[in-house]
Amino acid sequence: IDGIKPDMPLAGKRVLVTAGPTREPLDPVRYLSNHSSGKQGFAIAKSMAELGADVTLVAGPVNLPSPLGVTRIDVETADEMLQATEAALPSDVFISVAAVADWRPAARADKKVKKAKLQGGLPPLELVENPDILKTLCQKTSDRPTLIIGFAAETNDVIEHAKAKRLRKGCDWIVANDVSGDVMGGDHNRMIIVTETGETEWPRLTKQESADKLAQSIADYFKA
Ligand code: CTP
Ligand code: CA
């Protein structure tokens with residue numbers, strides 16, 4: 001296509017990425033969360049921007065610098081992440097890398113819960129389910145991104161679980177990640193890309209190398 005440089009194959013494409021954990025408060029000083037570092041999502045945002053995409057990165061609480069040229073929106077809870085993600089539509093691509101907390105405390109105390117006040121044992125921790133951001137975007141009838149990519153962090157039967165998850169969420173591709181080892185917080189991973197037509201396994205690479213390969217695959221998808 002005229003005007004699109006070969007090294008900028010995603011020029012003109014809008015890309016939305018979620019990354020990091022979410023943090024679900026119990027009170028002003030306590031929360032429920034997980035060990036996601038945000039590294040993989042940030043690496044993907046960087047790779048996509050380097051191929052010329054217009055990238056919006058919705059990030060949970062992480063300790064990472066913003067990739068160059070990426071619009072970053074910081075959020076805390078799953079509800080806020082859903083809101084920010086929907087507000088960033090329309091987008092050509094949605095890559096759901098965030099480790100969204102599946103549940104949040106049913107109630108959020110506005111003052112610190114005091115230990116001394118609790119009589120008769122520990123306080124019960126009642127949870128409610130968080131919105132499923134990936135599924136919500138997949139099910140959109142208007143503004144659904146053309147290519148939606150989910151992630152499946154699994155510790156066992158990785159491909160089987162990922163295939164089922166792809167169908168359950170309604171996403172186009174799912175990236176299966178074996179998190180049984182040092183993946184969470186680490187700098188390496190092994191991605192398996194599951195699409196409608198089959199699976200492609202990549203070797204153990206750095207998260208940035210995997211991100212570059214994923215960005216290239218997305219560019220190839222739009223070229224075809
Ligand atoms: N996801 C999401 N919102 C949620 C939960 C998950 O957007 N509330 C997205 C993740 O970003 C990921 C995909 O859904 O792209 C799969 O997340 P995962 O935690 O592996 O799947 P769940 O459906 O939550 O199932 P489980 O945790 O039981 O394996
Ligand atoms: Ca989950």
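Order of listing sets the numbers, starting from 1, for every ligand and every atom in it.
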- [ ] Before signing off on this row, confirm whether Phe151 and ligand 1 have an N or O atom pair separated by under 3.5 Å.
- [x] yes
Task: Flag: protein heavy atom within less than 4.0 Å of atom 28 (O) of ligand 1 - done: no
- [ ] Would you mind checking which non-hydrogen protein atom is closest to atom 3 (N) of ligand 1, with the distance to 0.1 Å?
- [x] Ile133 N, 3.1 Å
Task: Within 6.0 angstrom of Glu76 CD, more than 12 heavy atoms from elsewhere - done: yes
Task: Any N or O of Pro131 closer than 3.5 Å to N or O of ligand 1 - done: yes
Task: Shortest protein contact, atom 24 (O) of ligand 1 (heavy atom only) - done: Asp102 OD1, 3.0 Å
Open item on the list: Any side-chain to backbone donor/acceptor pair from Ser91 onto Arg14? Under 3.5 Å, distance only.
Closed with: yes
Task: From Ser36, Ala98, Ala78 - option closest to atom 10 (C) of ligand 1 by heavy atom - done: Ala98
TODO: Give yes or no for whether the N/O distance cutoff of 3.5 Å, strictly under, is met between Leu134 and ligand 1.
DONE: yes
Open item on the list: For atom 22 (P) of ligand 1, what's the nearest protein heavy-atom neighbour? Residue, atom name and distance, please.
Closed with: Lys169 NZ, 3.8 Å
Task: Heteroatom distance test (Arg168, ligand 1): nitrogen or oxygen, under 3.5 angstrom - done: no
Task: In the protein, N/O/S atoms that are found under 3.0 Å from the Ca ion (ligand 2), waters not counted - done: Asp102 OD1, Asp102 OD2
Open item on the list: Can you check which of Asn177, Ile148, Val100 brings a heavy atom nearest to atom 4 (C) of ligand 1?
Closed with: Val100
Open item on the list: To check your reading of the model: name the closest protein heavy atom to atom 1 (N) of ligand 1, its residue, and the distance in Å.
Closed with: Asp132 OD1, 3.9 Å
Task: Short N or O distance, Glu154 and ligand 1, threshold 3.5 Å exclusive - done: no
- [ ] Would you kindly specify which portion of Thr18 sits under 4.0 Å from ligand 1, judged on non-hydrogen atoms: side chain, backbone, both or neither?
- [x] neither
Task: N or O contact, Lys165 vs ligand 1, cut-off under 3.5 Å - done: yes
